[in-house]
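Notes follow once the structure below has been shown.
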Amino acid sequence: MTYGKFAEVVLDIPLNKKFHYNIPPSFVNQVEIGKRVKVPFGRRTVVGYCVGLTNISDVKTLKDIIHVIDTTPILSSKMLAVAEWMANFYFCGLGEALESFLPSVVKKGIKSRTINVIRLCKDGISVKEMIFTIKKRAPIQVRVLEALAEVGEITFPELADISKCKMDSVNRLRDRGFITLDKVEVSDPLFAGKHFKKTSHFSSTEEQEVAIRLIKRKVRERKHSVVLLKGVTGSGKTEVYLQAISEVITLGMKAIVLVPEISLTPQTIERFKSRFDRVAVLHSSLTERQRSDQWWDIKSGNADVVVGARSAIFAPLEDVGLIVIDEEHENTFKQDTSPRYNARDVSVVRAAYENAVVVLGSATPSLESFYNTEIGKYECVTLKNRVGHKPLPRVEVIDMRREIFGGKGQKPISDYLELSMKKCLSKKEQVLLLLNRRGFSPFISCRRCGFVLKCKRCDISLTYHKKKDAVICHYCFAEEPVPRECPDCCSPGIRFTGFGTERMEELIRARFPQYNLLRMDSDTMRGRDSHEKALSAFRRGDIDILLGTQMIAKGLDFPNVTLVGVLSADTIVNLPDFRASEKTFQLLCQVAGRTGRSAKGGKVIVQTYNPEHYSITYAATHDYDGFAKKELEYRKQLYYPPYGRLARVVLRGKKDLDVKEKASDIAEKLMNAIKLSDGSLLAGLRKDKVGVLGPAPAPIVRVKDNYRWHLIVKADSFKNLHTILKSIENENRNSKKVQMMIDVDPYMLL
DNA sequence: AGCACGCCGACT
DNA sequence: GTCGGCGTGCTC
Ligand SMILES: [Zn+2]
Ligand SMILES: [Zn+2]
């Protein structure tokens, strides 16, 4: 045992361990919980987070802290507690969790940038005289002076561009006393020159009033609680959020609003900016400096409301009274790299530490949240009606099994949809078409021998992209030239099967030549604001038909859209995953909500080979509760979430055999944690409530030359799930041969 | 994660 | 005889 003044420091290494460091007397007053410190580690120095102070340590010799980085704690004790929860819940290192709390720009220390502004010295000699003194000896300095004589004052980067000078010439001129150099802080303001017209509360419907009153009451209680706000698209959920936030601000507290990345548009931001004065935005499209400025603004207490995507849940606000998660069911709130957290679930934990209220908003809540209202854990308020009592659009399901192309092949567009499109377009109304598959055709095969073209590195068929004139793997993004003959039998007949958005675009353009079509998928929407531009062109009416992948299902409402076509509702429903039905239902409801927003009404046509599937029939009648009840029944039978709790363990490596072996080894360890020595199972659970499924080859066995095996761990509660996972916690996750990944509460099992 | 140590194969 | 492969283990 050693005694003294020590700091518990967490480092960003995949080890859930705290390291003790001695605090030298000169740092005693500086070291504080929540500050970053520089420490020696092995033979390098690294940055760590001070998470605790202690007088006693069982480590014999402690090294000294080298430096204290922050003047005030960069993480509050509440946030440290959230990080601790994350590390335990998602089985990641505490350092790894903390690392995701601070944006990289903050870690890099990007703060305000200064720039040199150069001015001619007004007093004293004239420019002519200056040039005369320098004479021809320094032509660059002469050029600088001439340029300055013209403009008077200029920033160094601009001057360097005009007169092709370097800093040393400028310094020499300054030394002669001809010019002055001033460091000026450059700001890169987010909303430079933009004025937000202030709006006050919109009149709200009776339903909205009920919701607002409930949330306001909860906020005033300053007690942790969760409210599920269930409201169809167009029912005015945002207005409810706004009025609730207004109450929070009145009470001197602050609010966080999480929105799916794709919905974080200028219009969304404007809704908040126009209602509240001190709004900060955290978004990936900000420049580094803007992001840093926003973060420090929040940190220094200059924001009442933070609007942002997933990671904004870690916004450094104090006194959080309300956290809103809009489109709560969206999988974008689950991070797909470690730490694999779900911001929705983190928000509930953070709110618990902050004594804050969480509002989960959705037209189609996740089954987890719905279940939590059923068992009374969350409260539920419903907005049944759209604002203005606009009816939800009629949904017609087309059985594509009846639409056969004269005996050969399948018809991508039913006669009925085509006819409806014609009618709609002739009335100068707009059509939205959803096809959840990009590229030209998703399947390339040989007409002679049936050989299917697959990625060389992945176990997945390649997609033909016509414009790029290449075949692309949608898993590893590898591109290959289009084969001119079969790689297997060398016969020249190559067949392209199936329709992606690119091919559908071609087909529709051919059938509707007089109308403007825009294709919107990740191939055509490469640029940062292209998505925004496309939507505004559609809004203006420059485009008649908008064809796209999921990304068209979100965004704002377009009153002139009177027809929505879902070209294939089957892409998700056929996935071998327990969330396939839920995802299908949500997508259909979401896209259906894009129409019927005006007096013109609206219609939705869903093409499917599974017209009787309950996710489709319930979506057709806009019956969320009906769907949820049925889906919960299935989940209960199969003991899937929200009843059973899952974790997925994925092993990958270059050699299939190594991976398989490691997977069996892991499975055995997990089983040992479940099967107790007396033969009973963990916590006395029955066989169907706890166990390990697999190891099995992952549904896509090979990705980027890596073979993948996976295991699913199932338990009745997260607590027991964690007990089981503890048995493999200290396994090497990054060995050379086989890498291991643990995903607690995975979104999908694929 | 890094970065050592250490133990075997194939080279000047 | 050395150079260099990567398996193993530790870091306050
Ligand atoms: Zn062939
Ligand atoms: Zn691939």
Side-chain angles (χ1 to χ4, degrees), chain A residues 1-28 30-70 75 80 83-84 86-88 90-104 107-108 335-341 649-666 669 704-707 727-743:
Chain A
M1 284 299 171
T2 34
Y3 300 90
K5 287 185 188 292
F6 308 138
E8 297 177 314
V9 176
V10 169
L11 307 170
D12 181 30
I13 48 172
L15 270 174
N16 222 347
K17 211 178 164 190
K18 290 164 189 166
F19 292 87
H20 291 173
Y21 283 90
N22 182 48
I23 308 172
S26 55
F27 287 148
V28 170
Q30 290 179 51
V31 174
E32 253 184 278
I33 292 172
K35 284 184 183 177
R36 288 171 296 171
V37 289
K38 211 172 250 177
V39 291
F41 188 64
R43 53 207 63 202
R44 33 193 190 128
T45 57
V46 293
V47 172
Y49 299 85
C50 173
V51 297
L53 301 169
T54 176
N55 297 316
I56 180 169
S57 172
D58 46 16
V59 183
K60 283 176 215 100
T61 46
L62 289 98
K63 290 184 179 173
D64 281 1
I65 285 175
I66 297 171
H67 176 61
V68 182
I69 296 173
D70 303 303
L75 292 166
L80 289 175
E84 195 105 27
M86 266 176 69
N88 291 328
Y90 294 108
F91 276 83
C92 65
L94 183 52
E96 220 177 333
L98 285 170
E99 206 59 14
S100 59
F101 278 39
L102 303 180
S104 58
K107 278 177 281 193
K108 271 191 273 174
Q335 183 150 65
D336 53 14
T337 55
S338 186
R340 305 184 132 73
Y341 68 91
V649 182
V650 183
L651 291 305
R652 65 184 166 85
K654 297 274 177 229
K655 289 178 81 180
D656 191 37
L657 203 70
D658 291 344
V659 182
K660 192 184 167 182
E661 234 163 62
K662 182 77 185 172
S664 314
D665 178 40
I666 294 289
K669 290 199 165 97
K704 283 198 197 184
D705 280 334
N706 275 291
Y707 287 90
S727 64
I728 58 163
E729 188 181 20
N730 294 321
E731 286 290 315
N732 187 353
R733 297 194 199 182
N734 232 335
S735 85
K736 198 124 199 187
K737 277 183 172 171
V738 184
Q739 291 95 285
M740 179 174 81
M741 173 218 107
I742 301 174
D743 187 356

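Below, chain A is the first sequence line, B the second, and so on; all start at residue 1.
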Fill in: Residues A:Glu84 and A:Lys18 bridged, charged N to O under 4.0 Å
yes

Worksheet item: Do NZ/NE/NH1/NH2 and the carboxylate oxygens of A:Lys669 and A:Asp665 come within less than 4.0 Å?
Response: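 A salt bridge is present here (some side-chain N lies under 4.0 Å from a carboxylate O).
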
Worksheet item: Looking at residues at least two apart in the chain, or sitting in another chain, which of them share a side chain to side chain donor-acceptor pair (under 3.5 Å) with A:Lys660?
Response: none

Item to complete: Keeping to residues at least two apart or across chains, list the side-chain hydrogen bond (donor to acceptor under 3.5 Å, both in side chains) pairs with something in residues 33-43 of chain A.
Response: A:Glu32-A:Lys35, A:Arg36-A:Asp70

Item to complete: Would you list the pairs meeting side-chain hydrogen bond (donor to acceptor under 3.5 Å, both in side chains) in which at least one residue belongs to residues 51-65 of chain A, sequence neighbours left out?
Response: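 Checked against side-chain hydrogen bond (donor to acceptor under 3.5 Å, both in side chains) - neighbours excluded - the pairs reaching residues 51-65 of chain A are A:His20-A:Ser57, A:Asn22-A:Asp64.
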
Response to the item:
The first and last nucleotides of DNA chain C lying within contact of chain A, meaning any atom under 4.0 Å from one of its heavy atoms, run from C:dT11 to C:dC12

Practice prompt. With sequence neighbours left out, write down each residue that passes ring pair (Phe, Tyr, Trp, His ring centres under 6.0 Å) with A:Tyr707, or none if nothing qualifies.
Written response: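 Partners of A:Tyr707 by the ring pair (Phe, Tyr, Trp, His ring centres under 6.0 Å) criterion come out as none, since no residue qualifies.
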
Worksheet entry | All ring pair (Phe, Tyr, Trp, His ring centres under 6.0 Å) counterparts of A:Phe27, not counting sequence neighbours |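 A:Phe27: no ring pair (Phe, Tyr, Trp, His ring centres under 6.0 Å) contacts found.
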
Item to complete: Drop me the distance from A:Glu96's CD to A:Thr337's OG1, to the nearest 0.5 angstrom.
Response: 9.0 Å

Item to complete: Please round to the nearest 0.5 Å and tell me the distance separating atom CD1 of A:Ile728 and atom CD1 of A:Ile666.
Response: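 So the gap between those two atoms works out to 5.0 Å.
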
Practice prompt. With sequence neighbours left out, write down each residue that passes salt bridge (charged side-chain N to carboxylate O under 4.0 Å, His left out) with A:Lys654, or none if nothing qualifies.
Written response: none

Item to complete: Could you list the residues that satisfy salt bridge (charged side-chain N to carboxylate O under 4.0 Å, His left out) with A:Glu99, not counting sequence neighbours?
Response: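 Testing A:Glu99 for salt bridge (charged side-chain N to carboxylate O under 4.0 Å, His left out), a comparison that skips the adjacent residues, returns A:Lys107.
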
Item to complete: Name every residue in residues 11-26 of chain A that has at least one heavy atom under 4.0 Å from any atom of DNA chain B, in order of residue number, or write none if there are no such residues.
Response: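 Contacts with DNA chain B under 4.0 Å: A:Ile13, A:Pro14.
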
Fill in: ring-ring contact (aromatic ring centres under 6.0 Å, His included): pairs with one or both residues in residues 33-53 of chain A, sequence neighbours excluded
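Every ring-ring contact (aromatic ring centres under 6.0 Å, His included) pair that includes a residue of residues 33-53 of chain A, provided the two are not neighbours, is A:Phe19-A:Phe41.
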
Worksheet item: Using a heavy-atom distance cut-off of less than 4.0 Å, which residues of residues 40-59 of chain A contact DNA chain C?
Response: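 Going residue by residue through residues 40-59 of chain A, the ones with a heavy atom under 4.0 Å of DNA chain C turn out to be A:Pro40, A:Phe41, A:Gly42, A:Val59.
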
Fill in: Nucleotide range of DNA chain B lying under 4.0 Å from chain A heavy atoms
B:dA1 to B:dA4

